[in-house]
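Working notes, structure below.
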Amino acid sequence: MESVQTIIKTLLKNPTQIKSKSQAKQIHAHIVKSFPIFTTTLLSIYSKLNLLPESLLLFNTLPSPPILAWKSIIKCYSSTACFSESLNCFVKMRALGIYPDHNVFPSVLKSCTHLMYFKFGESVHACIIRVGLEFDIFTGNALLSMYSKLQRSSALQVFDESPERMTSDQNESILVSNNNNNKQLDLQMQSVRKVFETMEDRDVVSYNTLILGYAQSNMYNEAMLMIKDMGNANLKPDAFTLSNLLPIVAKHMDVWKGKEIHGYGVRHGFDQNEFITTGLSDMYANCNMVQDSYHLFSSLPKKDIVSWCSIISKHVQNGLFDEGLNLFRQMLTSNIKPVPISISSITPACAHLTTLPLGQQLHGYIIRNHFDKNIFISSSLVHMYAKCGNIKLAKKIFYQMNHHDLVSWTSMIMGCALHGHVHDSITLFEQMETELIRPNSVAFLAVLTACSHGGMVNEGLKFYEKMVKDYKLIPEFEHYACVVDLLGRAGELEAAFGFIKSLRENKRGGLWLPLLAACRVHKNVELGEKIEGYLWNFDDDEEKGAYVLLSNMYFDVGRYEDAGKVRGMMGKKMNGKEPGCSWIGIGNKVHAFISGDGFHSDYDGVIEALDILLQHMEKEGYVADKTCI
DNA sequence: GTAGGGTTAG
């Protein structure tokens with residue numbers, strides 16, 4: 001058996017040789033007993049292995065810890081996510097007059113970053129300059145990472161400040177638009193770039209950190225240009241570079257660049273790297289290539305919770321709800337324990353499928369596994385119940401939440417809009433504003449939908465104006481369509497026409513369609529014909545819809561010849577409109593009906609039931625509108 | 001001693 005002395009000699013020569021917990025513990029027992037002086041060395045080993053309790057046990061036996069002990073405990077705290085404790089130790093160490101060295105600052109800066117302590121981080125930077133370590137590459141990289149993350153979050157979170165802390169400047173910035181947010185990010189990244197430029201020495205990590213900053217600030221071109229700069233500096237992209245780039249490539253749906261990265265990854269042996277594989281899988285799914293995405297996922301030898309969450313959410317986001325649910329079941333049978341993120345990825349599938357029993361089953365699972373306090377999950381449940389028809393339960397879940405964010409407010413506002421609870425939608429929107437949650441374009445869409453469904457023209461127009469003028473948000477097609485619908489339903493057809501004409505030509509596209517529908521309802525053929533002149537810039541689906549509307553409108557007013565002409569044009573131009581489909585869930589089965597198919601197993605029974613219903617309706621005075629038959 | 005993957009509302 002080796003003597004204790006031999007073990008310690010080896011240990012002193014090369015402490016990094018010890019790589020397992022049991023090895024370290026064995027040596028611990030020997031040394032603490034016989035050689036208390038080696039406590040610090042052992043502490044550094046525990047710290048490297050991220051064994052916090054063991055490190056603390058040793059640290060607390062030291063009456064006046066030397067610098068190595070401080071360094072070890074600060075590092076161990078920061079790498080086990082105990083960031084406040086890590087900074088507390090740093091402060092204590094400084095108070096004792098111990099000078100930090102180059103090993104200390106990366107951990108301290110990492111803690112500042114995670115705690116979002118910008119001011120403290122700046123004072124640490126000052127300290128780094130005072131002790132002359134600003135050109136240490138590890139410290140420099142950590143500084144770069146800190147400024148990149150904290151400055152970006154300060155650029156994005158101006159609006160989350162509490163009112164009493166808000167200066168008049170920040171109040172002004174409540175009115176700053178999304179676009180200005182981008183400009184802010186641009187400016188912040190310029191200052192991060194300056195930190196990068198002033199570094200004396202740069203390595204792959206420095207480049208990767210800056211690339212990540214650009215990618216997360218949505219600065220696509222800058223991120224890509226960095227790859228060239230890397231090459232000029234004789235540095236090769238590594239696995240981090242690729243996985244930092246993939247999310248922004250995915251966002252920009254640049255599948256060619258994505259494939260280039262994929263090829264580079266394969267050539268350089270990164271195809272087993274789970275970060276890259278998940279990134280690639282995400283990228284393909286974002287580019288509507290779910291098959292390729294699934295293929296990559298399948299190729300992973302070991303699928304962890306993140307890769308499962310990713311593949312499930314991507315199927316759901318691509319409208320493959322059943323497939324998403326199946327993958328979720330597969331994950332459960334593979335003995336992967338779901339985390340909150342996996343639940344919030346799958347709940348929207350139940351919402352879209354509008355199958356309440358499935359949603360309820362999932363809700364039961366959520367309660368049993370104590371996931372019901374998570375804001376993402378609660379928001380998706382609010383949405384699911386509203387979509388599946390149970391607005392009462394949606395409201396109950398919403399009001400039981402501890403705190404509401406933009407998404408949970410929007411889910412509730414939209415839920416009320418769908419159920420015709422228009423006044424609730426408006427009140428909720430105003431409450432959200434008084435709680436200083438800044439509405440975005442989705443929230444405005446929700447409240448505009450409510451106004452349009454409820455025929456509240458003036459309120460709707462006020463919200464639209466508020467969105468554009470006060471919040472400086474750029475309206476999207478859906479917002480325009482809502483305004484047209486709002487005016488159209490209320491019979492203000494000329495106003496709706498004027499509204500569309502006031503927009504730039506390339507924005508008008510599909511907006512004629514809701515107006516045409518309104519013209520039909522209000523039997524305004526004259527305006528309908530005027531709109532016909534604009535049909536040339538419609539896409540195929542819009543054109544089909546428009547022709548159906550036009551011909552029905554002619555029928556309504558008895559102009560059968562014109563209606564026939566339009567029908568004739570339709571026949572020539574297209575293979576017919578896609579038939580309507582409706583479905584109903586009974587028990588665990590979904591029964592689907594496609595217009596005119598007669599395929600349902602109990603078709604005769606359904607028709608019989610419809611006849612009975614019709615008889616009842618006619619008894620109560622219903623007369624069918626047969627004008628367009 | 002520094003850097004990387006998954007979630008909710010349209």
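Numbers restart at 1 for each chain; the letters A, B, ... are given by sequence-line order, proteins then strands. What you see below is based on every heavy atom in this structure, not just the backbone, and it leaves out hydrogens, waters and symmetry mates.
When distances are taken from the side chain of A/L212 to each of B/dA3, B/dG10, B/dT2, the shortest belongs to B/dA3. Nearest nucleotide to the side chain of A/C309, out of B/dA9, B/dG6, B/dG10: B/dG6. Taking only side-chain atoms of A/D405, from C-beta outward, the nucleotide of B/dG4, B/dT8, B/dT2 with the closest atom is B/dT8. Comparing atom distances between the A/P106 side chain and each of B/dT2, B/dG6, B/dG10 picks out B/dT2 as nearest.
For A/S313 and B/dT7, the shortest distance from a side-chain N or O to OP1 or OP2 is below 4.0 Å. Here A/Q317 does not reach the OP1 or OP2 of B/dG6: none of its side-chain N or O atoms lies under 4.0 Å away. In this structure, A/H383 does not reach the B/dT8 phosphate: none of its side-chain N or O atoms is under 4.0 Å from OP1 or OP2.
Aromatic ring pairs are classed by plane angle as parallel below 30°, tilted from 30° to 60° and perpendicular above 60°; the pair A/H421 and A/H419 is perpendicular.
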Between A/S307 and A/D304, is a side-chain hydrogen bond (donor to acceptor under 3.5 Å, both in side chains) present by the stated rule, with each step listed? CA-CA 6 Å; A/S307 39; A/D304 64 2; 2.8 Å; yes

For the pair A/V290 and A/K314, evaluate side-chain contact (heavy atoms from CB on, under 4.5 Å) and give the outcome as yes or no after the intermediate values. CA-CA 8 Å; A/V290 190; A/K314 290 300 159 187; 5.7 Å; no

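In this model, a side-chain donor or acceptor of A/D136 finds a partner on the base of B/dG1 within 3.5 Å. One donor-acceptor pair, N or O on each side, does fall under 3.5 Å between the base of B/dG4 and the side chain of A/N273. Residue side chain A/T278 reaches the base of B/dG5 through a donor-acceptor N/O pair under 3.5 Å, judged by distance alone. Evaluation of atom-type donor-acceptor distances gives no pair under 3.5 Å for the side chain of A/S345 against the base of B/dT7. With hydrogens and angles ignored, no donor-acceptor pair closer than 3.5 Å exists between the side chain of A/S380 and the base of B/dT8. With hydrogens and angles ignored, a donor-acceptor pair closer than 3.5 Å exists between the side chain of A/D304 and the base of B/dG5.
Put simply, A/F376 rests on the base of B/dT7: the two rings are less than 5.5 Å apart at their centres and nearly parallel, under 30°.
No side-chain donor from either of A/T427 and A/D424 sits under 3.5 Å from a side-chain acceptor of the other.
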